[in-house]
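Notes follow once the structure below has been shown.
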Amino acid sequence: MLTIEGIATSSGIADGRLFILENDNKAPKMVTVADTHAELDRLFTAIETAKEQLAELYQKAVVSVGEENAAIFEIHSMMLEDEDYLENIRNIIRVESICAEYAVYITGIQFGEIFSSLEDEYMRGRAADILDLSGRVVDILCGRNKTQLRDVTEKVVIAAEDLMPSQTIQLDKSKISAFVTKNGTASSHASILARSLGLPAVSALGDGFHQLRHGQFAIVDGVDGLVICEPDRILSAQYEWKRCQLEEEKIRLQTIKGTKAVTQDGLHLEICANIGHPDEASPALEEDADGVGLFRSEFLYLESSDFPSEEVQMAAYKKVLEQMRGRRVVVRTLDLGADKQAPYFHIPHEDNPALGYRAIRIELDRTEIFVTQLRALLRASVYGKLAIMFPMIVSMEEVHSIKRMIAGVKEDLRAEGISFAEEVELGIMVETPAAVMLADRLAKEVDFFSIGTNDLTQFTLAVDRMNSKISYLYDYGSPAVLRMIDFTVKQAHKNGIWVGICGESAADIELIPYYVGMGVDELSVSPSAILKVKEKVQSLNAEECRIRAEKELA
Ligand code: PEP
Ligand code: MG
């Protein structure tokens, strides 16, 4: 038995065999070849190997998960015989003299895109299969023959030195019970994703990470930040008990479903959900969300291999709006940069990406990307109650430029006879000290503020939110950060606009009394935290919280 200590970054307890994820599944290089016949032979052999692998996996899966679930491996095998698909690959090799691995890779992307754009939902779902089976052939061609997650038939614990959000979002969640990482912090986006998926995670295992072995059985304790490898019977039993307690807590919280987050003296707060994918809207509603306080639209870009089109985006926003049935949905425009990178943006390496070319700076520079997103958002606005929010604002000029662009997009839509809701609210993330200091002026320009405490803490305290070495300094509850929030709330209310918090601290039980005392109107948290936050708000007296906050922040 081996216990490794880290930090708990997503609550809960889970177990499974460790799956060590190595970062070697990069896109293959486009290499020109002299002998295209030899390349076609390599392709043929790789496809035969892939079919053998799939047949073997099918047999294994029939035993472990039943015939119906195993069928996917048969489908993949059949897809590998599709003449259009094979001819496309062969043509690239023959005509362009390109290596087999790149030809398969690019064909997978092209065919995936064709499938994604189809009307039929079943066919759209095949896009992931085409990418998956192309990935299998590419891995064989590149000699990456070790077990891949796609071959796993039981839930595993993903172990990685670092997990990038773009990677996390592309993993098949149905095969994952928990995450453990060598690096990472509670406010890195991979941890945020784990929380929104409701999967336990432990990060910052440091050198202890190297003691983990692929295939070893482990318990992940996302409450106390521990990873226990090959636990003995006594510890396993203790964890069984701990897990039951967490389950009981969940059941208890169900009893407040349907009630409002009103303090004992009558102050009402909205408790909304942070989501990163349209599929998370419905579970958020089941957890009693009053709305979506933050839809991180950049995840649509991260899970895609090219810029998502206006149609694809519009379908995603429409889905969320419809599912939320009239409740407000705040979509944040593309907040790319720092740990959220999509290769097809071709953003050059930067020494300080958190302070670099990111978020609204990209949008106002590469306006064609921004216009596509604004058009998709406005077109979707007729399907529900949409609010649009802009990330990383530091100046009045940015807000003026955004408003000018929106007016232009609206004019175009009108000219094209495309309808949209005129009264869409516009808001900004207050997540930089500059936005706080300009809050009185910015509040006159927008309909709402949402305080991003993840970045605001990073920038106020000058502590990189991704750096586990100094994570002890990263403190949402620091008086410096709390004063920033208090000032922002006061400026918002003086100017008659609402203000929420959508950073991870909104779910911090210790800090909620301060937020209630300051008069924050909305807390937006991971769906799994909604009921707990609601219960906390209901237990408080707002006036007492106000007096305490005023005294402590004076
Ligand atoms: C924040 O900064 O608090 C926030 C909500 O945005 P993100 O975590 O995506 O940077
Ligand atoms: Mg942020």
Side-chain angles (χ1 to χ4, degrees), residues 9-10 163-166 168-169 184-197 203 272-277 280 292-303 329-342 352-363 387-394 398 427-436 448-467 471 474-478 481-482 484-485 488-489 499-508 511 515 520 522-527 529 533:
T9 48
S10 179
L163 261 180
M164 288 293 116
S166 52
T168 317
I169 202 144
T185 62
S187 59
S188 60
H189 283 95
S191 305
I192 292 173
L193 268 173
R195 284 196 288 277
S196 66
L197 295 166
S203 303
C272 294
N274 289 351
I275 64 168
H277 193 279
E280 290 169 33
V292 169
L294 170 64
F295 177 4
R296 288 182 164 94
S297 70
E298 56 274 13
F299 287 125
L300 294 176
Y301 293 73
L302 293 181
E303 67 179 8
V329 174
V330 180
V331 179
R332 178 176 72 185
T333 58
L334 176 67
D335 184 10
L336 212 78
D339 62 334
K340 292 176 286 196
Q341 296 287 349
N352 285 310
L355 304 177
Y357 185 64
R358 58 175 289 196
I360 199 69
R361 299 166 189 182
I362 300 179
E363 291 161 0
I388 311 178
M389 174 158 81
F390 304 94
M392 279 291 289
I393 297 296
V394 297
E398 285 167 339
I428 58 163
M429 294 278 302
V430 175
E431 54 183 342
T432 62
V436 174
F448 66 94
F449 284 161
S450 188
I451 304 174
T453 46
N454 304 338
D455 276 317
L456 188 59
T457 303
Q458 147 166 281
F459 296 129
T460 303
L461 301 179
V463 177
D464 180 353
R465 64 191 263 193
M466 300 292 296
N467 188 337
S471 61
Y474 184 89
D475 179 13
Y476 298 123
S478 140
V481 178
L482 290 177
M484 289 263 179
I485 299 171
T488 306
V489 176
V499 54
I501 298 181
C502 64
E504 295 304 296
S505 71
D508 187 323
L511 294 178
Y515 301 153
V520 169
E522 176 190 290
L523 296 172
S524 193
V525 300
S526 308
V533 169

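Bear in mind that the values here come from a model prediction, so they are computed numbers and not experimental data. Atoms within each ligand, like the ligands themselves, are counted from 1 in listed order. Side-chain atoms are counted along with the backbone in the values below, which use heavy atoms only and exclude waters and symmetry mates. In what follows, residues are counted from 1 in the order of the sequence shown.
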Is there side-chain contact between Leu355 and Phe459, with at least one heavy-atom pair below 4.5 Å?
-> yes
Looking only at heavy atoms, the pair that brings Gly276 and Phe299 closest together is O-CB, 3.1 Å
Closest approach of Ala186 and Arg195, non-hydrogen atoms and distance?
-> O-NH2, 2.7 Å
Quick one: closest heavy-atom pair of Asn274 and Glu504, and the distance?
-> ND2-OE2, 4.1 Å
Of Thr457, Asp455, Thr185, which meets side-chain hydrogen bond (donor to acceptor under 3.5 Å, both in side chains) against Arg465?
-> Asp455
Compare all side-chain heavy atoms of Arg296 with those of Arg332 and state whether any distance is below 4.5 angstrom.
-> yes
Side-chain contact, heavy-atom cut-off 4.5 Å: Leu294 with Met389?
-> yes
Taking atom types as modelled, find out whether Tyr476 and Asn454 have a side-chain donor-acceptor pair closer than 3.5 angstrom.
-> yes
Got Val394 and Ile360 here, is their nearest side-chain heavy-atom distance under 4.5 Å?
-> no
Near ligand 1 (heavy atom, under 4.0 angstrom), the protein residues are His189, Ile192, Leu294, Arg296, Arg332, Asp335, Lys340, Met429, Glu431, Gly452, Thr453, Asn454, Asp455, Arg465, Cys502, Gly503
Proximal protein heteroatoms (N, O or S) of the Mg ion (ligand 2), under 2.8 Å = Glu431 OE1, Asp455 OD2
